[in-house]
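To start, the structure itself, in structure tokens.
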Amino acid sequence: MAEVIRMPKMSDTMEEGVIAEWHKKVGDKIKSGDILAEVETDKATMEMESYYDGTLLYIGVNKGDSVPVDGVMAVVGSEGEDYKSLLEGGSGNGAASNGSAEAAPKEEPKAEASAPAIETATPEQPASKPAAAPAASIEKINAVVVRMPKMSDTMEEGTLVSWQKKVGDKVKSGDILAEVETDKATMELEAYEDGTLLYVGIKEGESVPVDGIIAVIGEEGANAEALIARENGEAAPEAAAPAAESKEAPASDNGSEKSVSVADSGERIKASPLAKRLADEKGINLSQVEGSGDNGRIVKRDVDEFKPAAKAAAPEKAAESAPAQKPAEQAASAPAAAASGAAATGDFTDTPISQMRKTIARRLSESLFTAPHFYVTMEIVMDKAMALRPQLNEVSPAKISFNDMVIKACAVALRQHPAVNSAWLGDKIRKYNYVNVGVAVAVDEGLLVPVVRDADKKTLSAISGEVKELAGKAKDKKLQPKEWEGNTFSVSNLGMFGVDEFTAIINPPDSCILAVGGIKKVAAFKEDGTVYPTNIMKVTLSADHRVVDGATAAQFLLTVKKLLEEPMSMLV
């Protein structure tokens with residue numbers, strides 16, 4: 001009997017998923033446990049398995065389309081089985097909006113056939129010539145593209161650190177193709193197909209946006225270039241060549257039209273989403289940018305390196321039409337040239353920004369400028385905590401630090417103050433029923449925040465061991481997504497560096513973060529005026545005023561203070 005496959009709820013905040021890649025097609029035999037598709041959720045790109053044996057009879061969602069949770073994605077059943085009754089009245093948004101996969105190939109050649117019709121306007125190009133493009137585009141190619149996966153919830157692009165395979169190598173499913181540096185770790189990229197590595201699209205050290213094509217795997221001799229052209233919505237290279245030649249011929253008569261030929265012809269500019277966004281932010285006309293990606297596709301690097309040569313061409317035209325003005329223009333431009341040269345002189349070093357640093361900059365800027373921060377500082381007497389710590393370490397399997405004690409105190413306090421253990425979601429405030437404390441860890445390229453889950457339920461020794469393990473993974477760039485996602489509160493400690501106090505920027509999606517300073521011996525006064533030494537630690541809570549009010553923040557800090565000043569209360 002045929003079974004409907006629906007979009008699963010893959011995270012606690014997921015409302016819909018986007019089909020990043022189908023790994024099966026209509027007519028394929030499916031076994032329970034086979035990977036059907038890759039689904040991009042609000043936190044990561046994840047594999048969706050089949051729970052049924054049979055034949056894939058229907059696909060209701062095209063690659064790149066979104067489907068609400070529980071929406072129909074596909075149907076698995078016996079070969080030739082009538083499944084249409086399952087979709088009537090129960091297909092939901094998934095099937096209704098996207099149609100069946102059997103209908104999709106019929107529409108695709110039409111769209112491709114219409115594109116060359118625009119280019120038949122030039123006399124040099126007969127209308128019958130572009131007819132070869134659709135034929136090439138529907139050619140059966142026994143190969144698949146490998147795209148840059150979304151390896152973390154904040155990842156926008158990845159940098160290829162090293163290739164573990166080269167073009168011509170045989171590849172099996174599960175083999176490591178490459179190492180990719182994300183914004184949080186360096187991770188291994190596995191192959192999901194058997195075959196030969198036919199094409200490598202990027203070099204080591206280059207960055208690729210999420211879902212960008214990085215390689216092609218298939219049977220030896222398969223037309224990888226035609227497959228890439230099809231994936232990019234273009235004609236095959238062989239069919240596109242005559243059109244390109246006919247466009248370049250008129251450009252030789254009038255060089256000034258060459259830079260705007262793309263825009264004037266109405267041709268679609270091929271650019272990655274990240275490149276388009278950056279171009280909009282910088283005010284760059286993409287028609288003037290030369291692409292270095294697959295088949296001339298404009299990528300982020302092209303926008304970053306673009307220099308507006310078109311603006312320099314305008315003064316040259318004016319100079320040709322009015323030669324008398326040329327000396328004056330040269331004189332006027334001399335100071336500007338000298339100034340630009342002076343700006344570039346001096347002894348300095350430019351360091352390329354890593355993926356981690358880019359994401360830290362983006363996320364913390366968004367946090368600081370969108371969340372209305374306010375700060376509450378409190379002094380905590382650590383005398384009893386300092387006396388108890390050696391006793392605990394005599395029996396603890398892991399050495400307990402003061403930071404471990406702060407994490408435990410915060411976790412216990414969050415149970416008593418659920419308003420602090422919350423997140424702002426735009427149209428609602430979410431109060432978590434679990435306590436996951438993120439612990440800021442300094443690494444060479446920035447800051448990572450691995451998560452101690454259910455910290456309120458764990459002993460100090462368990463927290464200590466887990467923090468040390470996560471910190472080691474963070475420094476070695478071996479953290480996995482499950483180890484840095486899901487925090488409900490964060491702690492940042494700079495006390496070990498001699499910092500007395502500081503303020504921290506909230507780590508989204510948390511509503512608060514606690515900044516912990518060092519323990520300092522100071523003079524205190526008894527009621528009778530006598531002086532005695534005591535150990536003080538200052539902590540500052542950064543709070544999102546959309547979620548947490550001042551009184552709530554103060555009450556939370558008071559609870560943390562009491563727990564740390566009477567640390568035995570955390571152990572009973």
Side-chain angles (χ1 to χ4, degrees), residues 7-18 39-46 66-71 150 152-155 183-184 359-360 362-376 407-440 447-458 480-492 504-515 541-557 559-560:
M7 175 63 72
K9 190 175 179 71
M10 295 176 167
S11 77
D12 53 340
T13 57
M14 177 178 171
E15 294 181 354
E16 63 179 18
V18 176
V39 176
E40 180 182 339
T41 72
D42 57 332
K43 292 185 176 177
T45 298
M46 307 174 72
S66 60
V67 189
V69 170
D70 209 37
K150 192 175 178 74
S152 80
D153 54 330
T154 57
M155 177 178 171
D183 55 317
K184 294 185 176 177
T359 302
I360 290 171
R362 177 178 56 81
R363 281 174 59 83
L364 294 186
S365 295
E366 290 174 357
S367 175
L368 184 62
F369 297 118
T370 58
H373 286 53
F374 74 93
Y375 310 97
V376 181
I407 292 169
K408 177 66 175 180
C410 288
V412 174
L414 288 168
R415 275 293 178 196
Q416 300 178 37
H417 303 275
V420 179
N421 196 46
S422 304
W424 176 265
L425 299 182
D427 59 344
K428 56 181 172 282
I429 294 174
R430 171 165 293 159
K431 290 185 179 180
Y432 298 104
N433 296 322
Y434 52 88
V435 176
N436 293 345
V437 179
V439 184
L447 198 70
L448 289 175
V449 188
V451 179
V452 179
R453 300 183 184 280
D454 297 317
D456 58 317
K457 300 176 183 177
K458 292 179 177 175
Q480 297 302 306
K482 63 182 180 181
E483 294 171 324
W484 70 62
E485 295 175 354
N487 47 288
T488 63
F489 183 89
S490 297
V491 172
S492 180
I505 300 174
I506 296 168
N507 179 38
D510 301 348
S511 60
C512 293
I513 183 171
L514 188 70
L541 184 73
S542 304
D544 182 347
H545 219 322
R546 297 173 300 180
V547 182
V548 178
D549 296 325
T552 305
Q555 290 164 2
F556 169 78
L557 272 191
T559 302
V560 172

Open item on the list: My understanding is that only one of T370, I429, I506 makes a side chain to side chain contact (heavy atoms under 4.5 Å, CB included) with W424; could you say which?
Closed with: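 Single side chain to side chain contact (heavy atoms under 4.5 Å, CB included) partner of W424 among T370, I429, I506: I429.
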Interatomic distance, OG@S492 vs CG@L447, rounded to 0.5 Å, equals 6.0 Å
Output for pair (C410 SG, D456 CG), nearest 0.5 Å, gives 12.0 Å
Main-chain N/O of [Y] paired to [X] side chain as donor or acceptor, under 3.5 Å:
X	Y	value
N436	D454	yes
K458	R453	yes
D549	A551	no
S490	I513	no
S511	S422	yes
K431	N421	no
R415	N433	yes
S66	V18	no
E485	K482	no

Check step by step if side-chain contact (heavy atoms from CB on, under 4.5 Å) holds for D544 and D510. CA-CA 9 Å; D544 182 347; D510 301 348; over 6 Å; no
- [ ] Using distance alone, with no hydrogens and no angle criterion, decide if H417 and T559 have a side-chain donor and acceptor under 3.5 Å apart.
- [x] yes
Exercise. Please state whether the rings of H545 and F374 are parallel, tilted or perpendicular, taking 30° and 60° as the class boundaries.
Key: tilted
- Message: Run V451 and V437 through side-chain contact (heavy atoms from CB on, under 4.5 Å) and show every step you take.
- Response: CA-CA 6 Å; V451 179; V437 179; over 6 Å; no
ask   = Stepwise, does the side-chain contact (heavy atoms from CB on, under 4.5 Å) test hold for T488 with Y434?
value = CA-CA 8 Å; T488 63; Y434 52 88; 3.6 Å; yes
With side-chain contact (heavy atoms from CB on, under 4.5 Å) as the criterion, how do I505 and H373 come out once you've worked through the C-alpha distance, each side chain's angles and the decisive distance to 0.1 Å?
CA-CA 8 Å; I505 300 174; H373 286 53; 3.8 Å; yes
Exercise. Taking the side chain as C-beta and beyond, is there a heavy-atom pair between V67 and V39 under 4.5 Å?
Worked result: no
